[in-house]
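Below: one structure, written as structure tokens.
Just so you know, these numbers use all the heavy atoms, side chains as well, and skip hydrogens, waters and symmetry mates.
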Amino acid sequence: MASFALTSSLGFHSLRSRSLNLSPRSSPSTSTRLASTNSNSLTKSTNLTLRNPEFAKSTKSLRFKQLTVRASASASASASASSSSPPAPASPPQPWTGAAMKPLMASIATGVILWFVPVPSGVSRNAWQLLAIFLATIVGIITQPLPLGAVALLGLGASVLTKTLTFAAAFSAFGDPIPWLIALAFFFARGFIKTGLGNRIAYQFVSLFGSSSLGLGYSLVFSEALLAPAIPSVSARAGGIFFPLVKSLCVACGSNVGDGTEHKLGSWLMLTCFQTSVISSSMFLTAMAANPLSATLTANTINQTIGWMDWAKAAIVPGLVSLIVVPLLLYVIYPPTVKSSPDAPKLAKERLEKMGPMSKNEKIMAVTLLLTVGLWVFGGVLNVDAVTAAILGLSILLITGVVTWKECLAESVAWDTLTWFAALIAMAGYLNKYGLISWFSQTVVKFVGGLGLSWQLSFGILVLLYFYSHYFFASGAAHIGAMFTAFLSVASALGTPSYLAALVLAFLSNLMGGITHYGIGSAPVFYGANYVPLSKWWGYGFLISVVNIIIWLGVGGIWWKAIGLW
């Protein structure tokens, strides 16, 4: 009996110790003591079991009860923990990937308000409805609730949905050669950048003429202008090829952002390369994405065609004068503190050595470039138009593998440009066909004509209005689409030679991009380098715009007289 009493006491003590072990309130030290006691009890119990079989049966029963109690306690603790644990955190909401709603609402509101404005006398209802859709599209292109191509497609969809245009009319401009020319030029530019030929030409210029700061600036300016006919995107040309080169040259010459050395070289060089990029964009039909839009609107408005050679011939003299004067003027009024740059040619030569001799693809690209530009220049004599020449050049690049068709398909900017170009051309063309442009021009002619000015002074007023209204635009294409046709019509009605007016407005459509830090594709890239404060960017931008207008209307006017444009 004494043995059984001892066994029961030990078993109970062991059971009690295991129950206490399950309590969440037990401290670590208490749990340790209980475990030790339990272990000693089990040892004694094992020894007693070997001497007494009845004791073994009792012990077995108690152990079963211990396991049952422990399992029950574990289940209870688990249920309690489950009921008291906080709910799992909800997954974060997915970000909105659709249109920016405020700009979209502004675009739609513009169209809706104008749609319900009473139609002026002399304007058809169809023309007024198309104007509402057109201006809503322009607002969308400016504010960009969606990519430009998507905005333009919405505009075309609205015109078809409202029966303002038929489907064939809305999409008629996709058969126009000009949007395809600019898309082909983007594909062509891809090969130019991919092969490294653009960088090689720039480094070659810097190695030859970059020993002084002024020489370095001019070497970059004229190498960029040399590439302008072959690379239609000023963002890709100035921002993609030349900006990294300019930045590396500034750093090599000890001009960095944030340490007080910006004025050593960087401030002047950044501003110079940006301002001259808008000049080179104005010199060739294929130097800026929106230039063919100006040419197409000219043909639709005055039934005269601006060919590649016609554009280059008219722009070459004032363009070269501006490329020479603007860097020198900035060198005087916003000079770099470092006048020599001996490290620049050294850096350029190191980069050229690293590139090694011209690769096979570079040679193919160079020959194709010469062939294509040659056909653009002499296409009139050979009866080969600009689009055919571009297709031939791209075909050579595709056949030789310099550019692959997969890369062309991935060139999203080209397809986006093709879409919104064609949309704007179609809508602007039908605004003219519906008689809205002629009504607008007659209204303005009555006002300006009542001032009794000569056509030269009247055109000068129109030029200034057209140019400085670009403060309200972040896209050259949007500005051209909104105002080019109307201003050209008014200028022609006031006695300005139509072809001259078209060319001048086309040239200014590039030059006006230099007045702000958002007015053209290359502006945000160069301004974003933070070498030039915003106040100086705008101040010098306005000053250079005045200089450019004087050069292009003064020197250019004399040149245009000499070649018979007026």
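Between Leu565 and Pro497 the shortest heavy-atom distance is O-CB, 4.0 Å. The two residues Gly191 and Val403 make their nearest non-hydrogen contact at CA-CG2, 3.4 Å. Taking every heavy atom of both residues into account, Leu323 and Ala225 meet most closely at CD1-CB, 3.9 Å. The two residues Thr272 and Pro327 make their nearest non-hydrogen contact at CG2-CB, 3.7 Å. Residue Leu165 comes nearest to Ala170 through the heavy atom pair CD1-CA, 4.1 Å, listed as atom of the first residue, atom of the second, then distance. Listed here is the closest heavy atom pair of Val532 and Ser267: CG2-O, 3.6 Å.
Taking OG from Ser172 and CE from Met427, the interatomic distance works out to 11.0 Å, rounded to the nearest 0.5 Å. Between the CD1 atom of Ile306 and the OG1 atom of Thr296 there is a distance of 9.5 Å, given to the nearest 0.5 Å. Note that CD1 of Ile133 and OG of Ser159 are 5.5 Å apart. Values are rounded to the nearest 0.5 Å. A distance of 13.0 Å separates CZ in Phe487 from OG in Ser492, rounded to the nearest 0.5 Å. Leu330 CG to Leu271 CG: the interatomic distance, rounded to the nearest 0.5 Å, is 5.0 Å. One distance of note links CG of Leu369 with CG of Leu227; it measures 8.0 Å at 0.5 Å rounding.
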Given side chain to side chain contact (heavy atoms under 4.5 Å, CB included), test Val547 with Leu329 step by step and report yes or no. CA-CA 9 Å; Val547 172; Leu329 176 63; 3.6 Å; yes
Should Phe542 and Tyr468 be marked as a ring pair (Phe, Tyr, Trp, His ring centres under 6.0 Å) after you check the CA-CA gap, both sets of side-chain angles, and the distance that decides it? CA-CA 9 Å; Phe542 176 79; Tyr468 288 107; 5.7 Å; yes
Derivation of the side chain to side chain contact (heavy atoms under 4.5 Å, CB included) call for Leu397 and Met365: CA-CA 7 Å; Leu397 298 181; Met365 189 70 229; 3.8 Å; yes
Report the C-alpha distance between Arg190 and Glu407 in whole Å, list the side-chain angles of each, state the deciding distance to 0.1 Å, and finish with yes or no for salt bridge (charged side-chain N to carboxylate O under 4.0 Å, His left out). CA-CA 8 Å; Arg190 169 53 49 196; Glu407 289 171 332; over 6 Å; no
Quick one: do Leu156 and Phe174 satisfy side chain to side chain contact (heavy atoms under 4.5 Å, CB included)? Show the steps, please. CA-CA 12 Å; Leu156 291 181; Phe174 282 89; 4.1 Å; yes
Before giving the answer on side chain to side chain contact (heavy atoms under 4.5 Å, CB included), spell out for Met288 and Ser509 the whole-Å C-alpha distance, their side-chain angles and the decisive distance to 0.1 Å. CA-CA 10 Å; Met288 196 268 206; Ser509 297; over 6 Å; no
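Using a 4.5 Å cut-off on side-chain heavy atoms (C-beta onward), Phe171 and Leu153 make contact. Here the side chains of Leu220 and Leu269 are in contact, with some heavy-atom distance below 4.5 Å. Residues Val246 and Met270 meet the side-chain proximity criterion, which asks for heavy atoms closer than 4.5 Å. Here the side chains of Phe134 and Leu436 are not in contact, with every heavy-atom distance at 4.5 Å or above. Side-chain contact between Ile549 and Leu464 is present, with at least one heavy-atom pair separated by less than 4.5 Å. Ser498 is listed as a side-chain neighbour of Gln304, based on a closest heavy-atom distance under 4.5 Å. Looking at heavy atoms from C-beta onward, Trp180 lies out of side-chain contact with Ile391 at the 4.5 angstrom threshold. In this structure, the side chains of Leu453 and Ile461 come closer than 4.5 Å at one or more pairs of heavy atoms.
Using modelled atom types, one side-chain atom of Thr286 and one backbone atom of Pro229 make a donor-acceptor pair closer than 3.5 Å. Ser458 contributes no side-chain N or O that, together with a main-chain N or O of Trp455, makes up a donor-acceptor pair within less than 3.5 Å. When atom types are taken as modelled, the side chain of Asn291 and the backbone of Phe284 share a donor-acceptor pair closer than 3.5 angstrom. With hydrogens and angles ignored, the 3.5 Å screen pairs a side-chain donor or acceptor of His470 with a backbone N or O of Gly519. Side-chain N or O atoms of Trp559 include one that pairs as donor or acceptor with a backbone N or O of Lys313 at under 3.5 Å. Of the possible donor and acceptor atoms, one in the side chain of Gln275 sits under 3.5 Å from a partner among the backbone N and O of Gly514. Remark: side-chain polar atoms of Tyr218 are paired, donor with acceptor, to backbone N or O of Ile324 under 3.5 angstrom. Between the side chain of Ser322 and the backbone N or O of Gly319 there is no donor-acceptor pair closer than 3.5 Å. Within the 3.5 Å criterion, the main-chain N or O of Tyr499 finds no donor-acceptor partner in the side chain of Trp566. A donor-acceptor pair is defined here as one N or O able to donate and one able to accept, closer than 3.5 Å; such a pair exists between the side chain of Trp537 and the backbone of Thr516.
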Just distance, no hydrogens or angles: give the donor-acceptor pairs under 3.5 Å from side chains in residues 101-123, sequence neighbours left out.
| residue | atom | partner | partner atom | Å |
| --- | --- | --- | --- | --- |
| Ser107 | OG | Ala136 | O | 2.6 |
| Thr110 | OG1 | Ala106 | O | 2.8 |

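Using the six-membered ring where Trp is involved, Phe507 and Trp552 have ring planes that are tilted, between 30° and 60° apart. The aromatic rings of His517 and Trp538 lie tilted to each other, with the angle between the two planes from 30° to 60°. Note on ring orientation: taking the six-membered ring where Trp is involved, the planes of Trp415 and Phe187 are tilted (angle from 30° to 60°). A tilted orientation is assigned to the rings of His479 and Tyr466, their planes being inclined by 30° to 60°.
The number of heavy atoms from other shown groups lying within 6.0 Å of CH2 (Trp560) is above 12. Dense packing is recorded around NZ of Lys194, with more than 12 heavy atoms of other residues, nucleotides or ligands lying under 6.0 Å away.
A side-chain contact (heavy atoms from CB on, under 4.5 Å) with Leu431 is found for one member of Leu131, Asn300, Thr485 and no other, namely Leu131.
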